[in-house]
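We name chains A, B, ... by the order of the sequence lines, and we start the count at 1 in each one.
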Number of protein chains: 2
Amino acid sequence: MYPLMVSEEAAAKRGRRRGAELESAILRAAQEELAESGYAGLTMDRVARRAGTNKNAIYRRWPNRAALAVAAYRRLATDRLPPPDTGELREDVLTLLRGVNCGPSSPQAEILRGLLAGIGDEPELLAQLHELAAEGGAGVWLTVVGRAVARGEAPPEALHPRVVTVAVALLRNEYITRGLSTVPDGVLVEIVDEVYLPLLRGRAPVR
Amino acid sequence: MYPLMVSEEAAAKRGRRRGAELESAILRAAQEELAESGYAGLTMDRVARRAGTNKNAIYRRWPNRAALAVAAYRRLATDRLPPPDTGELREDVLTLLRGVNCGPSSPQAEILRGLLAGIGDEPELLAQLHELAAEGGAGVWLTVVGRAVARGEAPPEALHPRVVTVAVALLRNEYITRGLSTVPDGVLVEIVDEVYLPLLRGRAPVR
DNA sequence: CGAATAAGGTACGAGATGTACCTTATAAAG
DNA sequence: CTTTATAAGGTACATCTCGTACCTTATTCG
């Protein structure tokens, strides 16, 4: 009877959703819009339509578009993999980088750029985003490098937050300035072999 | 007689500007808007008013807002300093970073973020921006590090484009993910002392 | 069952982009 | 000097989006 209906819209017809259920539907819709069209393509009307509701329901929960987008991005970004453990630092690092590069939220770069630009100056959202972007990670990286240190592949001085996150910082810089959603694998290898591993291994002998 | 008039508007009253003169006035206006309000604040109407003309004159020259903004950003970004030469690598590097951090286009981060987000997918603009962002610089950095190598402060292996630009890449990553326009000086020092100098100096002994 | 609460529907103001169309000044050619 | 092509100015407008307002309707809970 409703042939052109998206799942959420159909669901809406089976009674009126309230509270958490509706909130979750909105967030899921926003998340999908974000993944498909990036921040620029996320409009309140479209999210509302996709969730089978209307803008009011959204504005009752989030004060503006940026807040909704950040909330949706959290759900995109927080499903994360456990740190790899191949027994070799280089492989672990490449695996991690490749995970970030072609992760679950594919157009990472565009979304992130869009969000950062759209948020502008709201410090609360900025803080949330920083937490997600700047690290779902120091932890993971410390783990991986920590194991390498235990194996003797790197000196203990390597275990510095600024140092262990260099690889992902360079990767992020790469796709941010190039505007590509995905960086060629050769670039990852270059970052690892020319910068990251020499940095980790070389820190002790030098001083 | 026109007390509330901006200089450009006054100029407009002294005869009708054409061609290059008008184009330059538009670009200057856009550049000022960019520096004052970032990409989000750059609107076609305001640029037109500031330049003492109207939107038509702009759309006859640039196809859309993003193109105008990139053109304006070029003028902001291309007046660059000659590479410093203090005789010591660490000082040179810090000087360069500080120049980027508080350069002539103060809200660097916001402008860059906004542009990258606004450009979206137009590959031509993206390429122009990449050229500016990813390097007004390999050149400068190669120069500075090259002199350090000549002085024996670093091994020749350090002269790799990916390696010498690590510092500025980390800085950019920093203000992009933190959303700050200006990074505290302590962060610059940390990047230099914990990452950049160890990397440059340590490369040779390792292999 | 009745009232408070939350959802849906619709309309609208403000502000921006990009387009259309016409008028007017300037510069170059005859 | 006059004519004419070109480029600038002025204005209006269609479209889109955000965010707000106001009212109607369904659901839940006392």
Is there a donor-acceptor contact under 3.5 Å from the side chain of A:Tyr196 to the main chain of A:Val164? yes
Has the side chain of B:Arg60 got a donor or acceptor atom sitting under 3.5 Å from an opposite partner on the base of D:dG9? yes
Please determine whether a side-chain nitrogen or oxygen atom of A:Arg61 lies at a distance below 4.0 Å from atom OP1 or OP2 of C:dA7. yes
Checking C:dA7, D:dT20, C:dT17 against the side chain of A:Tyr59 (C-beta onward), the nearest is D:dT20
Of the listed nucleotides D:dA8, D:dC18, C:dG18, the one nearest the side chain of B:Thr53: D:dA8
Choose from D:dT20, D:dG9, D:dA26 the nucleotide whose nearest atom is closest to any side-chain atom of A:Arg16. D:dA26
Just call it for B:Leu68: base, sugar-phosphate, or nothing, with non-hydrogen atoms closer than 4.0 Å on any strand. nothing
Which atoms form the tightest heavy-atom contact between B:Pro198 and A:Leu199, and what is the distance? CB-CD1, 4.3 Å
When we call it a touch if two heavy atoms are under 4.0 Å apart, what does A:Ile58 touch: a base, just sugar-phosphate, or nothing? nothing
Nearest-nucleotide 5' precedence on DNA chain D, B:Ala20 against B:Lys55: B:Ala20
Where is the tightest heavy-atom contact between A:Val145 and A:Ala158, given as atom of each residue plus distance? CG1-CB, 4.3 Å
Looking only at the side chain of A:Asn64 (C-beta and beyond, no hydrogens), which of the listed nucleotides D:dG10, D:dG19, C:dG18 gets closest? D:dG19
State which of D:dG10, C:dT26, D:dT28 makes the closest approach to the side chain of B:Arg18. C:dT26
Does this structure show an ion pair linking A:Arg60 with A:Glu23, if we count only N-O contacts that are shorter than 4.0 Å? no
